[in-house]
Each structure stands twice: as structure tokens, then as C-alpha cells.
Amino acid sequence: MGKIPSINEQMDLIRQGVEEIISEEELIKKLEYAKAEDEPVIVKLGCDPSVPDLHIGHAIVLRKLRHFQDLGHQAVLVIGDFTGMIGDPSGKSKTRPQLTYQEVRDNADTYVEQASVILDVDKLKIVFNSEWLGEMTFKDVITLAGHYTVARMLERDDFENRYKNEVPISIHEFLYPLAQGMDSVKLKADVELGGTDQKFNLIVGRNLQRAYSQDPQVIITTPLLEGTDGVEKMSKSYRNYIGITESPGEMYGRTMSIPDTLIERYFEFATEVPPSELSMIKQQLMDKSVNPRDLKRQLAREIVTIYHSEKAALEAEKEFDRIFISKDIPESIEEYRIGPEPVALLQVIVDSGLVSSKREGRRLVEQGAVRLDGEKITDFHYTISVKNKVILKVGKRRFLRLVP
RNA sequence: GGGGAGGUGGCAGAGCGGUCAAAUGCACCAGACUGUAAAUCUGGCGGCGAAAGCCUUCGGUGGUUCAAAUCCAUCUCUCCCCA
């Protein structure tokens, strides 16, 4: 590692877009040591193989890991296959079906594949925690558990709240942070990354390393991004996420649907815009010198560009403008064959999958959301017979080309 | 082992014999407006039906009743307190 950047330069990059570093002094020490000894710092990130689809919220922490890679450090991705095979740690959900070995492997593959958009996979060390956790005996586990107390476990906000609100916490949930901490011990991690929701677990890892006479890891937390609804955290279970494998059009549109108040955060955490530009954007948002819509357009382009290409971003933008600004029809519309016989329009809407029930279709007609070739349909008994192609439009963004 | 409180729609959370397809908030969908799928306002938000109405839903099952999310029995899961 001859050309390692200076500690200051490293810290500048590391500090970008993080919530908290515990502690900076320790990190600097580790970096200094690494530089002096020409030994990379070991940076750990754990992932949950039960959710294979990544969204741009996950990307924040992945990007941070990438930063460490760029600085010449050793990134380690820990696939939590062991914990994944046992079940769900976040007590609320019911018995999530346990994943089989094969499912976990497949998910892990998908994860790495998707993460490769952000990480340098060639330099990435990938490990499965079943390797060591699966080897532990019950006695080992008890010994491990002996390093922690219930009171300290209850320090975790989530546990504390659930305890207070009489929401069940099962014993095995206490073991998850310990298991995760064990990963750090095994890997002799210098740094562990995670979302702010992981802070507690990361600290447990730190404490366990101490218990095992290791130099405790530095923990770095990254913010959890709000979803497109602007209310909940971005998560697959609410449909408020932007998946990193989504089509450019979908990605662009979903970005445009975030509340204006989120523009700044998205710029800061979901894109690669340099700090100088970021501060300019913040300024523009504050003094309202630029229409927020235009900033959001820029944001949407940035995001699509990261996961697709600039070209795709521009095309997506064009399409978006077409539909929502010019109120035009999309460039390409799916065709749906209905034959020359007269059919109830409602039936067509349901059969084609545009809406899920006649009831819903009817509501939409009543609300004036259904148009045929631009003409509003007001009668839900409307019967259609197609001689030439017709454009069926439901709401603002559902289109179908009906062909005989 | 004993005592008590609960399981309601995507989530949170009311209801506690009929007026309950189930308040309210969030999410979601649509319309208006607009600067965008932003904000705001309005409407909708189980299914079939033109409608009347009918069917399925309040942890599972079985009852009581003209009528049950609401009462009873039982099963199951959860929480709290005492030991």
C-alpha cells in the first residue's frame, strides 16, 4: 500500500454521509497504524440474506464500504447465513419461514451481484458466518452469553420500547447481537459499518472484542433513508422504496414522487454529488432560487445514472415529461387484444390487469380517471368494440393500447 | 403454580349485542389545482350488482340470540403481576 492517502484525506472521505463514528480518535489511530505498518484496516459489513432485493437506502452503507476499498482497506462482507437460517430477529413479524441452505446461498449471490454496482467485488472478501457460528457448541454459546447482561441488552431502544409496551421479545433475540459480535471477534474487525438501527449491535461487537482481548472495533453508522412516502424508513415491506435493479423509468418516476422536503437528504445520501455541489444545492433549496422541481429532476437523473446510465436517465426524463407535463402518451405502450366483439370496458380493465377488481374499475370511472383516446368515460357500463387501435388510459400513468 | 389483560382491515389504533364493511391517523388510489408522481384541497380505499340487496372479513372452532367484532364454551398465541 505505497500510495495511501494521508490520514486527513482519508478522514474527509470517511466522514462524508455518516451519522456517527465511535470514535474518531480510535479510527485515526487505526488508520495511522495501518499506514505505518502497511496493513489495511479490516472493515466489516454484515448483510441479511433474507432480503435479496437492495434499494437505494441500502446503497448508503455499501457506498461507505466502497470508500474504504478506494482508500486501500480490506472490505469484508459478512453474509449472515447462519442467522438467516434460524429465522427472524426483529420480533414483530411472525414466524418467518426459515430459509434453506440453498435459498440463503442464492440470496447471497443476488446480493453480491446487486452490490457489485457499488462495490469492487474483486477486492471484496466475502464470508459466511455459519462457518464459525455453526461450529459453536451450546457450551460456547452460554460462555458467550455470559459476557453480557440483561440490563445491558435492555439498553437497546428497540428492546426497551418493546418491553415497556408489552411487545414480546424472545430470548433468542438477545443472542443475535452476540452472534453478530462474534463475527467481529472472528474477523478481528477494525471497523464495522451499519445503519443507525444497527448501532446497538455494533457496540455489542465492540464490547465482545474487548472481552476477547481484542482491540475494539470502531463503529460507523450511516443514516436510514426515508422512503418515497417521506414518512416511513425505506423498506421493502412498505412499498416506498427505489430498488437498485428497477427500470430507469420507474426509478426516475419514484424519485420524482418524493416530497420536496426530502430532496436534500436524497442528494446527500443517495447520490455521488461532491460536497461543493451539495452545499450549492442546499443553498438553492434554502433561498428558493431554483424551482425545487428542477432540483428534483436533477436528483432523479443522478440516481438513474448511478444504476443505469446517463443516457437512460435522459430518456427516462423525456418520457416523464411527456406523460406528466405534456400529458401525452408514453412512447411505447403495451398492447392488449380484445377482438372485434363488443365487450364491457370494465371487463377489459380488469382482465388486462390494469385494476384488480370491477369494483375498483368502477370507482375509477366514477372519479373520471378512465379515458379512451383522451375522451373521458363516465358510464361504467360502457361497452367497447375496437375497430382501430385505441389508447386506454386509467389514472395518470396506466396505459394500454387496445387492438382488435 | 396463582391472578389479571389482550389478539380488529397494509400499519398504528377505536369499537365491546343491532344504526359495523367496522371511528381516526398514516400509507395507498383518483380528481382539482400546480412547479413534479411535491405541497394543498376534495373524493375513494372488501367483493358481486344499475339498484335494492347479497356474499366474505374483526386469532381458530363450536354455541346462545331474530341479530355477534361485540355474549358463552373451547382451542391457540401474546403480555403483565405474584410465587
Side-chain angles (χ1 to χ4, degrees), chain A residues 90-96 154 159-173 226-242 246-267 281 284-285 288-304 313 316-330 344-347 349-351 353-371 376-383 392-399:
Chain A
S90 67
K92 276 193 124 181
S93 61
K94 302 223 170 66
T95 50
R96 175 189 280 180
L154 288 175
F159 285 154
E160 197 192 340
N161 289 336
R162 278 160 63 193
Y163 190 66
K164 268 191 202 144
N165 297 323
E166 310 188 348
V167 176
I169 303 168
S170 58
I171 301 287
H172 83 284
E173 291 184 66
E226 289 77 8
T228 52
D229 54 46
V231 177
E232 304 286 348
K233 295 296 168 202
M234 185 173 285
S235 150
K236 200 169 184 189
S237 40
Y238 308 108
R239 284 160 299 174
N240 65 358
Y241 67 97
I242 302 176
E246 275 177 282
S247 71
E250 195 63 22
M251 223 177 231
Y252 188 96
R254 285 188 193 229
T255 304
M256 287 306 281
S257 82
I258 65 167
D260 289 358
T261 50
L262 236 47
I263 295 176
E264 186 181 321
R265 271 180 76 76
Y266 269 52
F267 261 116
I281 291 166
Q284 288 169 332
L285 278 166
K288 300 195 169 75
S289 56
V290 176
N291 185 334
R293 183 202 57 176
D294 294 326
L295 288 172
K296 211 196 280 188
R297 286 160 69 91
Q298 187 194 338
L299 173 67
R301 282 197 305 271
E302 295 274 0
I303 290 176
V304 177
E317 178 159 282
K318 227 170 98 188
E319 186 77 348
F320 184 89
D321 289 352
R322 215 180 148 81
I323 298 168
F324 297 105
I325 296 179
S326 322
K327 304 262 192 278
D328 209 341
I329 57 171
L345 181 63
L346 222 46
Q347 197 61 50
I349 295 177
V350 174
D351 290 348
L354 244 41
V355 303
S356 56
S357 71
K358 280 189 176 178
R359 196 74 224 179
E360 192 190 340
R362 208 171 99 186
R363 262 181 237 126
L364 289 165
V365 172
E366 281 166 354
Q367 291 179 125
V370 178
R371 287 168 188 271
K376 194 187 283 180
I377 303 300
T378 50
D379 174 16
F380 54 82
H381 287 299
Y382 189 89
T383 303
L392 170 64
K393 183 183 180 194
V394 176
K396 282 180 186 133
R397 47 190 161 130
R398 278 171 278 184
F399 295 89

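None of the values given here were measured: they were computed from a predicted structure. Heavy-atom basis, side chains included; hydrogens, waters and symmetry copies ignored. Every chain is numbered from 1 and lettered A, B, ... according to where its sequence line falls, protein lines coming before strand lines.
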| For atom C1', what is the distance between B:A69 and B:G13, given to the nearest Å? | 15 Å

| said: Within the structure provided, determine whether A:K358 and A:Q347 are in side-chain contact (heavy-atom separation under 4.5 Å). | reply: yes

| note | Rounded to whole Å, CG of A:D328 lies from C1' of B:A37 at a distance of 17 Å

| said: Given B:A51, B:G31, B:C48, identify the nucleotide with an atom nearest to the side chain of A:R362. | reply: B:A51

| task | Identify whether any heavy atom of A:K327 sits under 4.0 Å from a base atom; if not, whether one sits that close to sugar-phosphate; answer base, sugar-phosphate or nothing. | result | base

| query | Taking the side chain from A:R322 and the backbone from A:I329, do they hold a donor-acceptor pair closer than 3.5 Å? | reply | yes

| task | Looking at every strand, decide which applies to A:F324 at a 4.0 Å heavy-atom threshold: base, sugar-phosphate, or nothing. | result | base

| query | Atom CG of A:L354 to atom C1' of B:C29: distance rounded to whole Å? | reply | 13 Å

| message | Give me the distance, rounded to whole Å, that separates B:G4 from B:C58 when you measure between the C1' atoms they each carry. | response | 23 Å

| message | In whole Å, measure the gap between the C1' atoms of B:A83 and B:A68 for me. | response | 38 Å

| field | Atom pair distance, as rounded to whole Å: NZ in A:K236 and C1' in B:C11 | value | 18 Å

| field | A:V365 and A:T378, any side-chain heavy atoms less than 4.5 Å apart | value | no

| note | For B:C16, the nucleotide meeting Watson-Crick or G-U wobble distances (both under 3.5 Å) is none

| task | Ignoring the backbone of A:V231, work out which of B:U36, B:A27, B:C29 is nearest its side chain. | result | B:A27

| message | Return the pairing partner of B:U42 with a 3.5 Å limit on both distances, Watson-Crick or G-U wobble; otherwise return none. | response | B:A30

| Watson-Crick/G-U partner (both atom distances under 3.5 Å) of B:A37 | none

| field | Derivation and outcome, side-chain contact (heavy atoms from CB on, under 4.5 Å), residues A:Y382 and A:V370 | value | CA-CA 11 Å; A:Y382 189 89; A:V370 178; over 6 Å; no

| Upstream residue (5' side of RNA chain B) when A:G368 and A:S357 are each assigned their closest nucleotide | A:G368

| said: Using atom C1' in both nucleotides, what's the gap between B:A22 and B:U57 to the nearest angstrom? | reply: 10 Å

| said: Taking B:U64 as the reference, what is the distance to B:U70 when you measure between their P atoms (whole Å, please)? | reply: 15 Å

| Looking only at heavy atoms, which two atoms of A:L354 and A:F399 are closest? And how far apart? | CD1-O, 4.5 Å

| Could you write nucleotides 38-45 of chain B as a row of B, S and -, 5' to 3', where a protein heavy atom under 4.0 Å of any base atom gives B, of only sugar-phosphate atoms gives S, and otherwise -? | B----BSS

| task | Would you kindly give the CD1-to-C1' distance between A:I349 and B:A30, to the nearest whole Å? | result | 13 Å

| said: Applying a 4.0 Å non-hydrogen cut-off, can you work out what A:R397 is touching in the nucleic acid: base, sugar-phosphate, or nothing? | reply: base

| Span that lies between the P atom of B:U24 and that of B:C79, in whole angstrom | 32 Å

| said: Is the phosphate of B:A30 approached by A:R398 (side-chain N or O, under 4.0 Å from OP1 or OP2)? | reply: yes

Identify the pairs formed between an N or O of the protein and an N or O of nucleotides 77-82 of chain B at a distance under 3.5 Å, and give each distance.
unit_1: B:C79; atom_1: O2'; unit_2: A:E166; atom_2: OE1; d: 2.8

| task | Could you tell me whether A:F380 contacts a base, only the sugar-phosphate backbone, or nothing, with contacts defined as non-hydrogen atoms closer than 4.0 Å? | result | sugar-phosphate

| request: Write down the distance between NZ (A:K358) and P (B:G46), rounded to a whole number of angstrom. | output: 18 Å

| message | Need to verify one output field. Residue with the more 5' nearest nucleotide on RNA chain B, A:E366 or A:G395? | response | A:G395

| task | Figure out the CZ/C1' separation between A:R322 and B:A37, and round it to whole Å. | result | 18 Å

| message | Is A:R293 close enough to B:U36 that one of its side-chain N or O atoms is under 4.0 Å from OP1 or OP2 there? | response | yes

| request: Please confirm whether the backbone N or O of A:K233 pairs with a side-chain atom of A:N240, one donor and one acceptor, at under 3.5 Å? | output: yes

| message | Do A:R254 and A:Y241 form a cation-pi contact, if we require the NZ or CZ to be under 6.0 Å from the six-membered ring centre and within 45 degrees of the ring's axis? | response | yes

| Using the C1' atom in both, what is the distance from B:A14 to B:C81, to the nearest Å? | 27 Å

| Shortest side-chain distance from A:L364, nucleotide among B:A51, B:A37, B:C29 | B:C29

| d(NZ, A:K376; C1', B:A32) in whole Å | 10 Å

| With sugar-phosphate meaning primed atoms plus P, OP1 and OP2, does A:I325 contact a base, only sugar-phosphate, or nothing at under 4.0 Å between heavy atoms? | sugar-phosphate

| said: So if I apply the side-chain hydrogen bond (donor to acceptor under 3.5 Å, both in side chains) rule between A:Y252 and each of A:E246, A:E317, A:R301, A:R297, which one comes out positive? | reply: A:E317

| So what does A:G253 hit on the nucleic acid, given a heavy-atom distance under 4.0 Å: a base, only sugar-phosphate, or nothing? | base

| query | Can any side-chain N or O of A:D260 pair as donor or acceptor with the backbone N or O of A:R293 at less than 3.5 Å? | reply | no

| task | Search all heavy atoms of A:P259 against all heavy atoms of A:D229 and return the closest pair with its distance. | result | CG-O, 4.0 Å

| message | A:V355 vs A:R363, test: side-chain contact (heavy atoms from CB on, under 4.5 Å). Steps then yes/no. | response | CA-CA 11 Å; A:V355 303; A:R363 262 181 237 126; over 6 Å; no

| request: List in chain and number order the residues that pass side chain to side chain donor-acceptor pair (under 3.5 Å) with A:D294, two or more places apart in sequence or in another chain; answer none if no residue qualifies. | output: none

| message | Taking the P atom in each of B:U40 and B:C26, what is the distance between them to the nearest angstrom? | response | 10 Å

| Rounded to whole angstrom units, what separation is found between the CZ atom of A:F399 and the C1' atom of B:A30? | 14 Å

| What is the pairing partner of B:U56, taking Watson-Crick or G-U wobble pairs with both distances under 3.5 Å in any strand? | none

